[in-house]
Amino acid sequence: MGKITPRSEDYSQWYLDVLREADMFDYGPVGGTIIAKPYGWTLYENMKDALDKRFKDTGHVNAQFPLFIPEHFLRKEQSHVEGFSPELAVVTIGGGKELDEPIVVRPTSETIIGDAYSRWIKSYRDLPVLINLWNSVVRWEKRTKPFLRTMEFYWQEGHTAHATHEESWEEVMRMLNVYHAHGIEDCAMPTVRGRKSKNERFAGAISTTSLEAMMGDKKALQAATSHDLGQNFAKAFGIKYLDRDNTEKHCWTTSWGLSWRFLGGLVMMHGDDQGLRLPPKVAPIQAVIVPIFKTDVEKSVVMAVAERVFAQLKAADIKVKLDDREETPGFKFNDWEMRGVPVRVEIGPKDVEKNSVALARRDVPGKVGKIFVPQEGLAERVKTLMDEIHASLLGQADAFLKSNIHEVDSYAALKDAVQDGWALVPLTDDPAVDAKIKEDMQATNRNYPYDQTPGEWTCVVTGQKVTERALVSKAY
RNA sequence: CGGGGAAUGGCGCAGUUUGGUAGCGCGCACGGUUUGGGACCGUGAGGUCCCGGGUUCAAGUCCCGGUUCCCCGACCA
């Protein structure tokens, strides 16, 4: 029988148990790779579809670029190649022959995009270029964990080019906000938007912004990033346009990405000891119908009602499943709870008699919270309930996040705070400062949150005056 | 790449100390009884004991080498 290790006992094991019991993944034959099984992939697809709609709504279009990149492309931007070299997969043999120039499997597509944009963009009339890619990339990671860090991972990467820095920066923030809204409105996941420290900046960016999410063990997860690439890649690849004034200028570019790590984050933010808890908007199955009967006679009347209810919910565009497996109701209740289905509809002989059903919601612990409602108008009732569940999951996650951020103003208090939550602390933006903290307390500078009250503080490491505070915590 | 665990049927494990016909629970198939919170009985299928070499009459078990996975650290979406 499937067993899920309690979170308090071993959080990592709990995470793996939940993924396994929910049938979301399997390990791939090559170390560090995973197979996303249908339930996991459908969840990812739903998240992807919701995000893709947001991209389209903000004027972006999708395209697809090659998996293979000539090695010399990577070398064109100095800090980019330095950042990615250690984790590249490189093809040296093709068709049985040693290649003249090795081919790199993309770790990200800034370079091949830069090359294409340099040919596509000629005039200010061509700008902005707003393209997004849904693909997978490969980074040779030493230590992997399903969805959170895999050698090959699925994601989207947006790449845009603009005429001015003002415009490109606006794009960086727009997309950071799109990710933030996706988290809250689609996934019930609150996150903290902020600016990454110099030390944590993307290889080749002049500024990196991120979304940081708090997991159930209070560790941080970088849930998405949006980069201001300045003119670094434009200069490296010659992305230039002729402006109104007939002078040639370099473009300002951005890139932004969100991977299936976000799915792992969703599991760790909402899951409980019973298993997954899925936000209704992205759940592969939003409502499951469990029929209950003893005799064949009961079975036929119960199934007739169950099928009618199924049709009613389906007609209302609810992702509904009728569980007609030959298992006991108790087994099914537990099974669907592990899989995080938000709403369960139970129909038995008593319900048939009273034209009712029993409704159970996943956002509250298992055996409580069942209510009996009429079959008539059930679809509307379920929709309302799904909205409530979304709000409830968001509320729980938000309360957890807020109650575990500790404002501190001394080094000793910082050390204390990161043992059990996040610290909001005055910190000079200096790689040496980040390094010292990491060394001393195995915690990292997550970001400088944008939503913080302005003020003036004293850095707890350097003693310098600073005008913003950093989030520091242990992280995945 | 460092430190620590582990690898035996789909999953979880025992067996290794002391070498001697490969076992248990769950799951799976079939039959029957069951079904409002993880049902029960019976029958049955399913195994290169991680891989390679060695010792031995005989290796899951002992020796040597390797691989993979998990956990904890350094690097990262």
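Computed from heavy atoms alone, side chains included, the values below leave out hydrogens, waters and symmetry copies. Chain A is the first sequence line, chain B the second, and so forth, proteins listed ahead of strands; every chain is numbered from 1.
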Look at the side chain of [X] and decide which nucleotide, out of [options], has an atom nearest to it.
X        : options             : value
A:Lys145 : B:C71, B:C76, B:G37 : B:C71
A:Thr225 : B:G38, B:A77, B:G36 : B:A77
A:Arg344 : B:C71, B:G37, B:A39 : B:G37
A:Gln274 : B:A39, B:G37, B:U35 : B:G37
A:Phe293 : B:G36, B:U35, B:G37 : B:U35
A:Glu87  : B:C76, B:G36, B:A77 : B:C76
A:Ser12  : B:C71, B:G37, B:C76 : B:C71
A:Arg149 : B:A77, B:G36, B:G37 : B:A77
A:Met338 : B:G36, B:C28, B:G38 : B:G38
A:Glu326 : B:U34, B:G37, B:G38 : B:U34

Between [X] ([atom1]) and [N] ([atom2]), how many Å, whole number?
X        : N     : atom1 : atom2 : value
A:Phe147 : B:C76 : CZ    : C1'   : 18 Å
A:Arg143 : B:A74 : CZ    : C1'   : 10 Å
A:Gln222 : B:C76 : CD    : P     : 10 Å
A:Asn334 : B:G36 : CG    : P     : 12 Å
A:Phe333 : B:G36 : CZ    : P     : 8 Å
A:Glu353 : B:G36 : CD    : C1'   : 13 Å
A:Asp296 : B:U33 : CG    : P     : 9 Å
A:Arg20  : B:C11 : CZ    : P     : 10 Å

Exercise for the section: For the pair A:Trp256 (side chain) and A:Asp228 (backbone), establish whether a donor and an acceptor sit closer than 3.5 Å, ignoring hydrogens and angles. Expected result: no
Determine whether any donor atom in the side chain of [X] lies under 3.5 Å from an acceptor atom in the base of [N], or the reverse, and answer yes or no.
X        : N     : value
A:Asp351 : B:G36 : yes
A:Lys370 : B:G36 : no
A:Glu337 : B:G37 : yes

Within the structure shown, what part of the strands sits under 4.0 Å from [X] by heavy-atom distance: base, sugar-phosphate, or nothing?
X        : answer
A:Glu141 : base
A:Glu327 : base
A:Thr150 : base
A:Asp10  : nothing
A:Lys299 : nothing
A:Pro349 : base
A:Ala358 : base

Who does [N] pair with, Watson-Crick or G-U, both distances under 3.5 Å?
N     : result
B:U48 : none
B:G31 : B:C41
B:G9  : none
B:C1  : B:G73

[atom1] atoms of [N] and [M], separation to the nearest Å:
N     : M     : atom1 : result
B:G38 : B:U21 : C1'   : 38 Å
B:G4  : B:U8  : C1'   : 22 Å
B:U16 : B:G53 : P     : 26 Å
B:C76 : B:U18 : C1'   : 50 Å
B:G65 : B:C72 : P     : 29 Å
B:U68 : B:C63 : P     : 23 Å
B:U61 : B:A74 : P     : 38 Å
B:G9  : B:U48 : P     : 9 Å

Problem - A:Thr42 OG1 to A:Met24 CE distance, which is reported to the nearest 0.5 Å - result: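 Separation between the atoms: 10.5 Å.
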Minimum heavy-atom distance between [X] and [Y], given as atom pair plus value:
X        : Y        : result
A:Leu19  : A:Pro146 : CD1-CB, 3.7 Å
A:Leu385 : A:Leu359 : CD2-CD1, 3.9 Å
A:Phe293 : A:Glu298 : C-OE1, 3.6 Å
A:Cys187 : A:Phe262 : SG-CE2, 4.0 Å

Exercise for the section: Give me the one residue out of A:Lys196, A:Lys474, A:Arg193, A:Lys219 that meets salt bridge (Lys or Arg N to Asp or Glu O under 4.0 Å) with A:Glu212. Expected result: A:Lys196
Handout entry: Closest-nucleotide ordering on RNA chain B, the 5'-leading residue of A:Lys474 and A:Asp335
Key =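 Nearest-nucleotide comparison on RNA chain B picks A:Asp335.
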Problem - Along RNA chain B (nearest heavy atom to each residue), the more 5'-positioned of A:Ala203 and A:Thr144 - result: A:Thr144
May I ask you to check whether [X] and [Y] place their ring centers less than 6.0 Å from one another?
X        : Y        : value
A:His159 : A:Phe65  : no
A:Phe153 : A:Trp260 : no
A:Phe202 : A:His80  : yes
A:Trp41  : A:Tyr154 : yes

Problem - NZ/NE/NH1/NH2 to OD/OE distance under 4.0 Å, A:Arg20 and A:Asp17 - result: yes
Problem - Cationic N near anionic O, under 4.0 Å, A:Glu45 to A:Lys48 - result: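 The answer is no: the pair does not qualify as a salt bridge.
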Practice task
For RNA chain B, determine which residues of residues 252-268 of chain A have any heavy atom closer than 4.0 angstrom to one of its atoms, and list them numerically.
Solution key: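 The stretch gives A:Ser259, A:Arg261 as the residues lying under 4.0 Å from the strand, ordered by number.
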Exercise for the section: Give, ordered by number, those residues of residues 436-448 of chain A having at least one heavy-atom distance below 4.0 Å to an atom of RNA chain B; if nothing qualifies, reply none. Expected result: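 Contacting residues: A:Lys438.
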Exercise for the section: Give me the ring orientation class for A:Phe233 and A:Phe237: parallel if the planes are under 30° apart, tilted from 30 to 60°, perpendicular past 60°. Expected result: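 Judged by the thresholds at 30° and 60°, the geometry between A:Phe233 and A:Phe237 is parallel.
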Handout entry: A:Thr328 side-chain N/O to B:U35 phosphate OP1/OP2 under 4.0 Å
Key = no
Practice task
Compare the aromatic ring of A:Phe153 with the six-membered base ring of B:A77 and state whether they stack according to the 5.5 Å and 30° rule.
Solution key: yes
